[in-house]
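Contents: one structure, followed by commentary.
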Amino acid sequence: MKVTIPYIQQKFDEFNRLMFGGQLPRIPIELKDVKTYIGECVSRKKRLPDGRIQQYDFRLRFNTRYDLSEAVLEDTIIHEMIHYYIGYRQLKDRSSHGPLFKRIMQDINTKYGRHLTITHNNSADGAGLVCDTKKRWHVVAIVSFKNGKTGIKVLPRIVQRILHYYRCVGSNRTVDSIRLVMTDNCFFNQYPNSTALYVHYIDRQTLEQHLQGATQIECDGKTVLCR
């Protein structure tokens with residue numbers, strides 16, 4: 001997808017409220033056509049009278065060279081926001097991706113079903129960053145929650161694992177309904193294939209656009225059957 005400053009600002013505000021308690025003031029966002037990074041958080045440093053080093057003048061920079069999937073771009077934004085959070089609050093860590101960074105990253109991955117990593121894939125040819133357009137068949141679970149949110153999960157094409165996910169998630173008290181489809185829409189290539197008990201939240205309208213032509217899968221918790 002095309003990287004734009006309004007989109008990044010919107011996601012910054014969303015993730016700030018959701019993951020950082022609204023503690024991060026807005027900062028300048030810059031777009032660059034470069035090979036050296038996918039995203040980065042930069043700042044200046046000054047020495048205080050007591051000898052401590054203080055960071056200030058924070059900026060977020062993002063690369064426009066590659067066609068990132070939405071999931072990769074969002075994870076990149078969150079990754080750089082962790083750097084900003086640590087620097088803005090003047091927290092101590094052993095290194096750029098030290099124990100504190102890793103703890104915050106893993107907490108976000110666990111709580112929000114993200115896939116943050118220590119490093120971005122910034123190979124010169126953009127391998128792993130461009131949207132994967134190869135046709136693949138996916139079993140997709142569509143989970144509707146009682147609070148109105150919608151989530152999806154790309155499942156292994158193994159009956160036992162599909163049934164396990166269907167039963168476990170379907171029995172959750174926050175879940176209103178769960179349905180299964182089979183689709184080869186390359187939009188779903190960006191999502192990991194697993195039965196971990198979380199979902200990726202998605203706008204309902206966006207989801208329906210990519211479900212056109214999908215095959216409904218009947219499931220009663222004991223059997224799986226494509227229509």
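Positions are given from 1, in the same order as the sequence printed here. In this text the structure is predicted, and so the values were computed from the model without any measurement.
In this structure, K146 places its NZ atom where more than 12 heavy-atom neighbours from other residues, nucleotides or ligands lie under 6.0 Å away.
F62 is not listed as a side-chain neighbour of I5, based on a closest heavy-atom distance of 4.5 Å or more. Using a 4.5 Å heavy-atom cutoff, the side chains of I27 and R59 are not in contact. I38 is listed as a side-chain neighbour of L68, based on a closest heavy-atom distance under 4.5 Å. Using a 4.5 Å cut-off on side-chain heavy atoms (C-beta onward), V139 and N193 make no contact. Put simply, the side chain of Y7 reaches to within 4.5 Å of the side chain of E70, judged on heavy atoms. P192 places a side-chain heavy atom less than 4.5 Å from the side chain of H200. The shortest distance between side-chain heavy atoms of P28 and F58 does not fall below 4.5 Å. Side-chain contact between L24 and M81 is present, with heavy atoms from C-beta onward closer than 4.5 Å.
Counting only N and O atoms by type, the side chains of S194 and K153 include a donor and acceptor under 3.5 Å apart. For the residue pair H138 / N189, a side-chain donor-acceptor distance below 3.5 Å is found, with atom types taken as modelled.
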Quiz item: Which is it for V181 and I142 under the side chain to side chain contact (heavy atoms under 4.5 Å, CB included) test, yes or no, and what are the steps along the way?
Solution: CA-CA 8 Å; V181 300; I142 302 156; 4.0 Å; yes

Exercise. Start with the C-alpha gap between Y201 and F145, add the side-chain angles, then the distance that decides, and say whether ring pair (Phe, Tyr, Trp, His ring centres under 6.0 Å) holds.
Key: CA-CA 10 Å; Y201 291 109; F145 292 88; 5.7 Å; yes

Practice problem: Start with the C-alpha gap between R17 and D13, add the side-chain angles, then the distance that decides, and say whether salt bridge (charged side-chain N to carboxylate O under 4.0 Å, His left out) holds. | Solution: CA-CA 6 Å; R17 291 191 301 269; D13 293 341; 5.3 Å; no

Exercise. Any chance you could lay out the side chain to side chain contact (heavy atoms under 4.5 Å, CB included) test for I82 and L116, step after step, and finish with the verdict?
Key: CA-CA 11 Å; I82 296 175; L116 307 181; 3.9 Å; yes

Quiz item: So I8 and T4, side chain to side chain contact (heavy atoms under 4.5 Å, CB included) or not? Walk me through it.
Solution: CA-CA 6 Å; I8 294 173; T4 66; over 6 Å; no

Quiz item: Passes side-chain hydrogen bond (donor to acceptor under 3.5 Å, both in side chains), Q55 versus Y84? Steps please.
Solution: CA-CA 10 Å; Q55 290 180 262; Y84 175 33; over 6 Å; no

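Under a 4.0 Å N-O distance rule, the pair R114/E74 qualifies as a salt bridge. A salt bridge does not link D220 with K222: none of the charged nitrogens is closer than 4.0 Å to a carboxylate oxygen.
Judged by distance alone, the side chain of R94 and the main-chain N or O of G98 form no donor-acceptor pair under 3.5 Å. For E30 (side chain) and R61 (main-chain N/O), no donor-acceptor pair under 3.5 Å exists by modelled atom type. E40 contributes no side-chain N or O that, together with a main-chain N or O of Y37, makes up a donor-acceptor pair within less than 3.5 Å.
Classified by interplanar angle (parallel below 30°, tilted 30° to 60°, perpendicular above 60°), the ring pair F187/H210 is parallel. The aromatic rings of Y191 and F188 lie tilted to each other, with the angle between the two planes from 30° to 60°.
A distance of 11.5 Å separates CG in L163 from OG1 in T195, rounded to the nearest 0.5 Å. To the nearest 0.5 Å, atoms OG1 (T117) and CG (D75) are separated by 7.5 Å. How far OG of S43 is from CG of D57: 8.0 Å, rounded to the nearest 0.5 Å. Here the CD atom belonging to Q209 is positioned 8.0 Å from the CG atom belonging to D203, to the nearest 0.5 angstrom. Between L180 atom CG and Q216 atom CD the span is 9.0 Å, to the nearest 0.5 Å. A distance of 6.0 Å separates NZ of K135 from SG of C186, quoted to the nearest 0.5 Å.
A continuous path of hydrophobic side-chain contacts links V159 to L197 [ILVMFWY only; heavy atoms under 4.5 Å].
Considering all non-hydrogen atoms of both residues, K149 and N147 come closest at N-OD1, 3.0 Å.
The six-membered or imidazole ring of H115 lies away from that of H79, with a centre-to-centre distance of 6.0 Å or more.
Each of F20, F15, F12 was evaluated against Y85; a single residue qualifies, F20, per the ring-ring contact (aromatic ring centres under 6.0 Å, His included) test.
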Under 3.5 Å, side-chain donor or acceptor atoms of residues 165-172 against the rest of the protein: list the pairs with distances, not counting sequence neighbours.
{"from": "Y165", "atom 1": "OH", "to": "Y198", "atom 2": "O", "distance (Å)": "3.1"}
{"from": "Y166", "atom 1": "OH", "to": "C219", "atom 2": "O", "distance (Å)": "3.2"}
{"from": "R167", "atom 1": "NH1", "to": "G221", "atom 2": "O", "distance (Å)": "2.6"}
{"from": "S171", "atom 1": "OG", "to": "R167", "atom 2": "O", "distance (Å)": "3.1"}
{"from": "S171", "atom 1": "OG", "to": "C168", "atom 2": "O", "distance (Å)": "2.9"}
{"from": "N172", "atom 1": "OD1", "to": "T174", "atom 2": "N", "distance (Å)": "2.8"}
{"from": "N172", "atom 1": "OD1", "to": "T174", "atom 2": "OG1", "distance (Å)": "2.7"}

